[in-house]
Amino acid sequence: MGTVFKLFHFDIATENNFGDTLLFPAVKHMFEAYGAGEAFDIYDSRPLRENVGPALVKYINRTADAVVVGGGGLFLSDTNPNRESGWQWRISLDMLEQLEVPLIVFAVGYNRFYGQPDFEPPFSEHVARTIEKSVFFGLRNHGSIEKVAEYVPDELKSRITYQPCPTTLSKSVLPIDVEQPDAKRIGLQLSTSRRYAGHGVGPDMVIERAGQLLPRLEGAGWDVVFTPFTNPDQRLSARLGEQFKSREMVQVYGDDVLTRGLRDLADVPFLLGCRGHAQMIPFGLGALPFSFDVHPKLGYFLSDIGRPEWRHDPKDPAFAESILATIEDGWENREANRTHIADKQADFLDITLDNLDVIYSELGGDPSTLESRFAPYDAQAWNMARSRFLLEVQRENSIHRQQTFAENARKTEAELKTALRNCRTAADDRQILEATVLREQVSAGTMQREKTRIEEKTKQLEQENRALREQLQQQGSSTASTRLRRVRRNVGRTVDNVMKRGQSDS
């Protein structure tokens, strides 16, 4: 009997994206099936996009032997934008330092789109510190390894390891009983994003190219079905379906992805898609995956499986003809291609088990003490995994609802405060208006009274002026005679004085 290590998992539980829905239960399965369940126990988890606070760090330090992060295309800045890490796992450098247990980064991908801005601080520092605290740092394709290595010091580059996505092993490790038909049946998974704009591809171009291809496929004898992985995918497929009636819609996403979704997709032996998991999951079921070149990761994966020619650029005007020729070649050589895929699946499983040996050893276990190296889930265990997944979805939805309620409460409180301020402002404005009107009314009354007083005073002055003029006219002659006599006396005195001074001088 080996030592069982308790693992805490940062994951994403969702029903709305077929790839992510399958991915995280598959990651749990790889750990718990290793050593036939006697090596690892994923006992608890939290959504990796939620902020990691001190209470959760203390809980992990107290209860876990290690932390698993991933998988998924987590090295992307705008799906969960934050300044704590710069990528989707939202843990600050301070909280990362406070984690006392080692990290296991498992099957994570570098997910930057064509033309997308580079990561901002503290991304480089955060990734480097994550590698230093990890006993295993595994990325899901070699393209991601090369890209992430550009952000870290040279001494850390060698610690980045290749770990294929567990969804590429579905047929090997999951209880999928459906055998793929040997038929010209191909799924069409269409998606678009504003982030495709950096590659010059929009929804109209995706629809146009798919619309050009679809009749050519049918003319070559292919049964074409729509295989949306998300609600937006389905809406895009519906737009194309308006042009081409009576197309089957194989909706694989939803709460029964782990059962019905996988069985339905296993019935589609060829698939042309836009998403990374529209390559990896069909590959994991034994199908041949062809791709619209709308994201670098699509090329990374096809290079890893030795089929880079299965990806075509939708900007090419001859896209429909070229991808049809590639699909036809895939059909003509289907036996060799299926053998090639089976061999790659076996390689991926060997790589994964070797990596799990390393992880187990780094945590202090001895792989040689395990009675069985790997025991895939049976149907009952997979149903139990589905039940756990549904509980995690409910938990995450509950958290989301609580956050939404709290956010709405904050918005409502802010709106009430704004309304109260507006009421107070309105009251103040009314008081100012009333005071202004009152002042204007008072001023108008004062001005009227002053005007009346001035008019009355003016009339009084005019009356006094007229009386004075009349008085002056009556007194005018006597006053003039008196003034003349006074002037004559003054002149006479002056002359006498002058005469006296003259006599004195002589």
Please confirm whether the backbone N or O of F290 pairs with a side-chain atom of H312, one donor and one acceptor, at under 3.5 Å? no
Side chain to side chain, W310 and S291, heavy atoms closer than 4.5 Å: no
Any donor-acceptor pair under 3.5 Å linking the side-chain atoms of T79 with those of R195? yes
Aromatic centroids of F319 and F292 separated by under 6.0 Å: yes
Is F283 close to C165 at the side-chain level, that is, under 4.5 Å between some pair of heavy atoms? no
I'd like to check L23 versus P166 (side-chain heavy atoms, cut-off strictly below 4.5 Å). Are they in contact? yes
Does the R159 side chain pair with the main chain of S134, one donor and one acceptor, at a distance under 3.5 Å? yes
Find out whether L356 and F136 are in side-chain contact, i.e. whether some heavy atom of one side chain is under 4.5 Å from a heavy atom of the other. no
CZ/F301 to NE2/H277 distance, rounded to the nearest 0.5 angstrom? 9.5 Å
Determine whether the aromatic ring centres of residues F18 and F229 are separated by less than 6.0 angstrom. yes
For the backbone of I42 and the side chain of E32, can you confirm whether one donor and one acceptor N or O come within less than 3.5 Å of each other? yes
Of L265, D267, L271, the residue whose pairing with L285 passes side chain to side chain contact (heavy atoms under 4.5 Å, CB included): L265
Y360 and F40 aromatic ring geometry - parallel, tilted or perpendicular at 30°/60° bounds: perpendicular
Salt bridge check: are R373 and D354 linked by an N-O gap of less than 4.0 Å? yes
Test E15 against T21 for side chain to side chain donor-acceptor pair (under 3.5 Å), laying out the working first. CA-CA 6 Å; E15 303 170 290; T21 299; over 6 Å; no
Quick check: does any side chain N or O of R311 sit under 3.5 Å from a backbone N or O of L302, one acting as donor and the other as acceptor? no
Is there a side chain to side chain donor-acceptor pair (under 3.5 Å) between Y59 and D44 once you walk through the steps? CA-CA 11 Å; Y59 169 70; D44 202 353; 2.9 Å; yes
Mark yes when over 12 heavy atoms from residues, nucleotides or ligands other than E120 sit less than 6.0 Å from its CD; otherwise mark no. no
Just by distance, no angles: are the side chains of T168 and Q345 close enough, under 3.5 Å, to form a donor-acceptor pair? no
Under 3.5 Å: donor-acceptor pair, side chain of N80, backbone of R49: yes
Test log, rule side chain to side chain donor-acceptor pair (under 3.5 Å), inputs D65 and Y43: CA-CA 11 Å; D65 296 309; Y43 71 99; over 6 Å; no
Check E146, H142, R140, K147 against Y300 for a side chain to side chain contact (heavy atoms under 4.5 Å, CB included) and give me the one that passes. K147
Scanning both residues in full, the closest heavy-atom pair of N51 with E84 reads OD1-CG, 4.0 Å
Do NZ/NE/NH1/NH2 and the carboxylate oxygens of D316 and R209 come within less than 4.0 Å? no
Just say parallel, tilted or perpendicular for the rings of F348 and Y162, cut-offs at 30° and 60°. perpendicular
Which atom names give the shortest non-hydrogen contact between A278 and Q189, and what distance separates them? CB-OE1, 3.2 Å
Tell me, with the steps shown, if N16 and T230 meet side chain to side chain contact (heavy atoms under 4.5 Å, CB included). CA-CA 6 Å; N16 301 321; T230 67; over 6 Å; no
Please test D204 against R239 for salt bridge (Lys or Arg N to Asp or Glu O under 4.0 Å), starting from the C-alpha separation and ending with a verdict. CA-CA 10 Å; D204 292 339; R239 280 184 56 186; 3.2 Å; yes
Check whether any side-chain heavy atom of T192 lies under 4.5 Å from a side-chain heavy atom of C274, and answer yes or no. no
Flag, side chain of D233 to backbone of P228, donor-acceptor distance under 3.5 Å: no
Given H199, which of Q116, K315, H295 fulfils the side-chain hydrogen bond (donor to acceptor under 3.5 Å, both in side chains) condition? K315
Interatomic spacing from NZ in K6 to OG1 in T63 - rounded to 0.5 Å: 6.0 Å
Sub-3.5 Å donor-acceptor pair from the side chain of K157 to the main-chain atoms of A149, do we have one? yes
Hey, can you tell me if F123 and F75 have their rings parallel, tilted or perpendicular (30° and 60° cut-offs)? perpendicular
Donor-acceptor check, side chain of K184 to backbone of A220, threshold 3.5 angstrom: yes or no? yes
Aromatic ring pairing W87/W89, orientation class (parallel under 30°, perpendicular over 60°, tilted between): perpendicular
Within the distance-only criterion (no hydrogens, no angle test), does the side chain of H9 pair as donor or acceptor with the backbone N or O of G70 below 3.5 angstrom? yes
Check the pair S144 / N141 against side chain to side chain donor-acceptor pair (under 3.5 Å), numbers first and verdict last. CA-CA 5 Å; S144 291; N141 49 59; 2.7 Å; yes
Taking G330's backbone N and O only, do any of them form a donor-acceptor pair with N337's side chain (distance below 3.5 Å, no angle check)? yes
Side chains of Y114 and D293: donor-acceptor distance under 3.5 Å anywhere? yes
Would you check, one step at a time, whether the test salt bridge (Lys or Arg N to Asp or Glu O under 4.0 Å) holds for D304 with K344? CA-CA 9 Å; D304 283 348; K344 281 294 179 181; over 6 Å; no
